[in-house]
Protein chains: 2
Amino acid sequence: MTRKVKIPVSTVGRLSIYLRVFSQVAKTQGTISSKGLAEWTGINSAQVRKDLAYFGQFGRRGVGYSIQDLKAQITSILGLDREWNAAIIGVGHLGTALLMYRGFGSRRFKVTAALDTDPDKISWELEGIRIHDLADLAAVAREKRIEIAILSVPAEAAQEVANQVVAAQIPAILNFVPVRLVVPKHVLLRDVDLAGELEALTYAMRKR
Amino acid sequence: MTRKVKIPVSTVGRLSIYLRVFSQVAKTQGTISSKGLAEWTGINSAQVRKDLAYFGQFGRRGVGYSIQDLKAQITSILGLDREWNAAIIGVGHLGTALLMYRGFGSRRFKVTAALDTDPDKISWELEGIRIHDLADLAAVAREKRIEIAILSVPAEAAQEVANQVVAAQIPAILNFVPVRLVVPKHVLLRDVDLAGELEALTYAMRKR
DNA sequence: TTATACATGTGTAAAATTTCACAAAGGGGG
DNA sequence: CCCCCTTTGTGAAATTTTACACATGTATAA
């Protein structure tokens, strides 16, 4: 089988990048080479081939990769051949921001619930999504079949909320809170640090 | 000198993480060990020491690092000892979202301008920030001393807008558009791919 | 003063990731 | 059918990143 060796996380990240290229070139050609993908992405062409080879032999020597096929393959590898329900937990500035951001939905992600603890927010609706009481998380998660919790709560509350997410049997967390969360290892956790991204820029700018 | 060897990007990313820990522990202790930082962050303690050692000898053997000192050091290393003016370019869903998100401002980043090409948006104000015509980018950038452009425009327009940013002499771009931008190498570019983050999660969930 | 426990800074080893480089194939033209 | 150009898939090398391990320094207590 193909999935004997462990696949680097970085490879998975690049799959997303390759997928994106297709929406930009698909119209003009039916096929693309690793060199072509390399040019579009800035990733070394050997790297491209190696990334794809982890999952199978999708290319044809002398020809390249069928865009249609490869698109379908990567879509399937990334689990994007179906929809995923997500809930936003914490409807403060960032949470509201993420709720408004339709980019999540644009691919296969649907934000179908929002939760907060603030009585002034609960029962309100934002962008057509009702805000539930966080206390009802387990019920909401079950009912709406939530599989991804998008966390944007205050730092002090983050771990406690994460515990509730785990208790509600939601299997994955996308954490926007700049705090290290401890979760059982069967729960998938991914951190996004927006301030950190800016800091990487100022670090580089400072040296001038 | 301390800056002879090249510092890994990953090290810089971890500095942000260390810095964050201090706001959570500072009150209780005056000092922290690499082991302590390791426990807070999940990063190996030798890694912590190596990261810090790139920039100088901040610790004391048998004692650890003075939190106050280390905080000041990292703050300075990351260039966070002053404020940075940022502009949000593209006030669609994500742009609005980012504009509302005060987390950027919470540290040393100030979003002081917003720009768009849509006549219906230009001259409006959002969160107290006036939306300018993108055509005026160079003037706005000069006047407001913009040093970071936060890009959230449609994919088709991204490269062209990036060119304008470069022409406006803005030295750094934080790009939220899932497109590879080509910029001169004196311009700092950092990509944030929100959909990609979710895709990393679904990839892992799919395998069950 | 000496023993003990702690913790840094760093040389070295290990692991992971990226890049090179080439044999093996595919395709097209004559 | 043969030649030539292209491009994959993949060992092996190179590079980068992480982890180990320990000599060296610090503090405390008896």
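Letters A, B, ... mirror the listed sequences (proteins, then strands); counts begin at 1.
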- Is A/Y54 near enough to C/dT17 that one of its side-chain N or O atoms lies under 4.0 angstrom from OP1 or OP2? no

- Message: Is it the case that the base of C/dT12 and the side chain of B/K50 share a donor-acceptor contact (distance under 3.5 Å, atom types as modelled)?
- Response: yes

- Query: Taking protein heavy atoms under 4.0 Å as touching, what does nucleotides 25-30 of chain C look like 5' to 3' if B marks base contact, S marks sugar-phosphate-only contact and - marks none?
  - Reply: BSS---

- Item | Exam field: side chain B/N85 to backbone B/K144, donor-acceptor pair closer than 3.5 Å | yes

- Does the B/H93 side chain pair with the main chain of A/M100, one donor and one acceptor, at a distance under 3.5 Å? yes

- Message: Pair B/Y18, B/V48 - check side chain to side chain contact (heavy atoms under 4.5 Å, CB included), show working.
- Response: CA-CA 9 Å; B/Y18 304 145; B/V48 172; 3.7 Å; yes

Could you state the atom-to-atom distance from [atom1] of [X] to [atom2] of [N] in whole Å?
X     : N      : atom1 : atom2 : result
A/I43 : C/dT17 : CD1   : C1'   : 13 Å
B/F58 : C/dA7  : CZ    : C1'   : 17 Å
B/Q47 : C/dT10 : CD    : C1'   : 13 Å
B/Y18 : C/dT8  : OH    : P     : 12 Å
A/R49 : C/dC22 : CZ    : C1'   : 10 Å

- Considering only heavy atoms of chain A and a distance under 4.0 Å, specify the first and last nucleotide of DNA chain D in 5' to 3' order that meet this criterion. D/dT6 to D/dA12

- Partner set under salt bridge (Lys or Arg N to Asp or Glu O under 4.0 Å) for A/E127, not counting sequence neighbours: A/R102

- Message: Let's go through A/D69 and A/Q73 carefully: what are the C-alpha distance in whole Å and the side-chain angles of both, what is the deciding distance for side chain to side chain donor-acceptor pair (under 3.5 Å) to 0.1 Å, and is it a yes or a no?
- Response: CA-CA 6 Å; A/D69 277 13; A/Q73 289 285 359; over 6 Å; no

- Within 6.0 angstrom of B/K35 NZ, more than 12 heavy atoms from elsewhere: no

- Query: For atom CD of B/Q169, is the number of surrounding heavy atoms from other residues, nucleotides or ligands below 6.0 Å larger than 12?
  - Reply: no

- Query: Between B/A86 and B/I150, which heavy-atom pair has the shortest distance, and what is it?
  - Reply: CB-CD1, 4.1 Å

What's [X] touching, base or sugar-phosphate or nothing? Going by heavy atoms closer than 4.0 Å.
X     : answer
B/S34 : sugar-phosphate
B/T11 : nothing
B/S10 : sugar-phosphate

- Item | Any side-chain heavy-atom pair of B/I173 and B/L188 under 4.5 Å | no

